[in-house]
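Below is one structure, written out as structure tokens, with a few remarks after it.
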Amino acid sequence: MEIFKNDFGCELHGLNINSLTEKDEKIIKSSLYENRLVIIKNQTLTNQEYVDFANKFATPVPYLQENYHHPDHKEIFVSSNIQKTKDKMGVARTGGYWHSDTAFEQNPKVLTMLMPKVMPKTIKRTTRFIDMAKVYQAMSLKQQQTLSKMTFIHSGRWRYKVRPEDINLDLTEILAMIHAVQPPVEHPAVITHPFTKEKIIYASRGFTIEVKNEGLDQSKVILDELFDFAEQAQFIKEVTWNLGDLIIWDNRFLQHSSGRQAAVGENLQAEITKEEETMMFRITLLDGMPLCDSLRENAGVAIPEMEV
Ligand SMILES: [Fe+2]
């Protein structure tokens, strides 16, 4: 195996996912936590092999909404805008805003795996990332101390994608349904990574909706200031995907946004139909460690230290 460190993340070459040794797995895991993101290059995997690898590497957890699931593998979340009847599955235009996958859940899935299946022909398929440990490090001591005392509230409500069966519901009813299924959750604003022990701001403009005990107006002031700081060009790293890539990243460190453009204006549907076909298979996983160090004591059960 050869490891190439990029400006952001690293590439692993010369690996065959179907015949990994224990040593290979340990190297992948330590590279992941050290570099935040790894790209295992030149893999040609069946869907079953992809799921088998995910099960070997960590614990895949199917997404809470079934309309995203691959018909044969519920662990796979399908992001696809392919409309042909034969190939139609999953949900189109996912993740085009800053977020950390499943942060709106009580027990967020801390790792994301991605396998590109269909790539656009004329444009690059990219995802942008922000390392929130770097953002924390760039803050003043006073800002760090203020944030460390805060609890943030997260919800996926503003990013819910309306399904065909929601057609007779008004937006208020849809919001009430989302609240019943997945009410807002609290996480510490600053978490300590359970493996590297680094401090990280766990927040994103897409899913972090409020600061606990601050009220909506003051929350907006605090969060806008935080996100305006975090989303500066100096912190944003763009990665281009290629067929054959198997990507893994740590959602504790990274927030991300897919490279697609938001549709704006009056003719949204006309704009969307012009988009090129793309399909990505995502699996979200638990890695045997809590979201952050302090949860180890609070979890009520012994969570083993991971050896990598
Ligand atoms: Fe995402």
Side-chain angles (χ1 to χ4, degrees), residues 8-9 32 35-39 50 54 57-58 60-70 73-81 89-120 124-133 135 152 154-161 178 182 185 187 191 200-209 227 230-231 235-241 245-263 275 278-287 291:
F8 168 71
L32 168 65
N35 298 284
R36 322 323 197 189
L37 174 143
V38 297
I39 306 174
Y50 180 41
F57 190 76
V61 183
Y63 190 60
L64 76 167
Q65 285 185 262
E66 290 179 11
N67 53 321
Y68 288 79
H69 293 180
H70 187 285
H73 302 278
K74 62 180 188 305
E75 302 89 341
I76 298 177
F77 166 116
V78 179
S79 173
S80 167
N81 63 357
M89 58 179 153
V91 175
R93 313 185 78 256
T94 62
Y97 50 89
W98 288 111
H99 68 286
S100 170
D101 288 334
T102 73
F104 51 80
E105 296 181 5
Q106 198 62 54
N107 189 17
K109 312 309 170 276
V110 290
L111 301 185
T112 294
M113 275 186 192
L114 210 57
M115 187 165 71
K117 296 294 283 185
V118 176
M119 304 289 270
K124 287 180 180 173
R125 181 70 168 83
T126 62
T127 301
R128 295 176 298 150
F129 291 90
I130 296 173
D131 182 344
M132 294 299 282
V135 173
F152 286 164
H154 305 257
S155 167
R157 70 166 73 126
W158 303 119
R159 300 301 175 172
Y160 177 79
K161 286 194 180 283
I178 295 167
Q182 181 62 73
V185 299
H187 299 300
I191 60 173
I200 307 162
I201 301 167
Y202 189 65
S204 66
R205 205 183 286 272
F207 292 157
T208 309
I209 58 165
F227 299 136
E231 295 166 14
F235 296 120
I236 296 176
K237 303 291 180 186
E238 188 167 52
V239 182
T240 301
W241 309 129
D245 289 349
L246 198 165
I247 304 127
I248 313 171
W249 71 75
D250 186 332
N251 287 305
R252 301 178 183 93
F253 285 114
L254 301 178
Q255 54 163 322
H256 61 281
S257 171
S258 84
R260 76 167 165 79
Q261 298 292 310
E275 291 177 356
T278 173
M279 185 188 286
M280 308 283 277
F281 283 2
R282 181 188 99 172
I283 298 178
T284 46
L285 311 95
L286 295 169
D287 65 0
L291 174 69

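Numbering of ligands and ligand atoms starts at 1, following listing order.
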Just jot down the side-chain contact (heavy atoms from CB on, under 4.5 Å) partners of Ser80, sequence neighbours excluded, or say none.
Val78, Ile82, Met279
Less than 2.8 Å from the Fe ion (ligand 1) is the window; count the protein N, O or S atoms in it.
3
For the residue pair Phe207 and His99, is the inter-centroid distance of their aromatic rings smaller than 6.0 Å?
yes
For Phe77 together with Phe281, are the ring centres under 6.0 Å from each other?
no
Just to verify, what does Arg282 make a salt bridge (Lys or Arg N to Asp or Glu O under 4.0 Å) with, not counting sequence neighbours?
Asp101
Qualifying residues under side chain to side chain donor-acceptor pair (under 3.5 Å), relative to Gln182, sequence neighbours excluded:
none
is_close_aromatic(Tyr202, His187), centroid dist under 6.0 Å:
yes
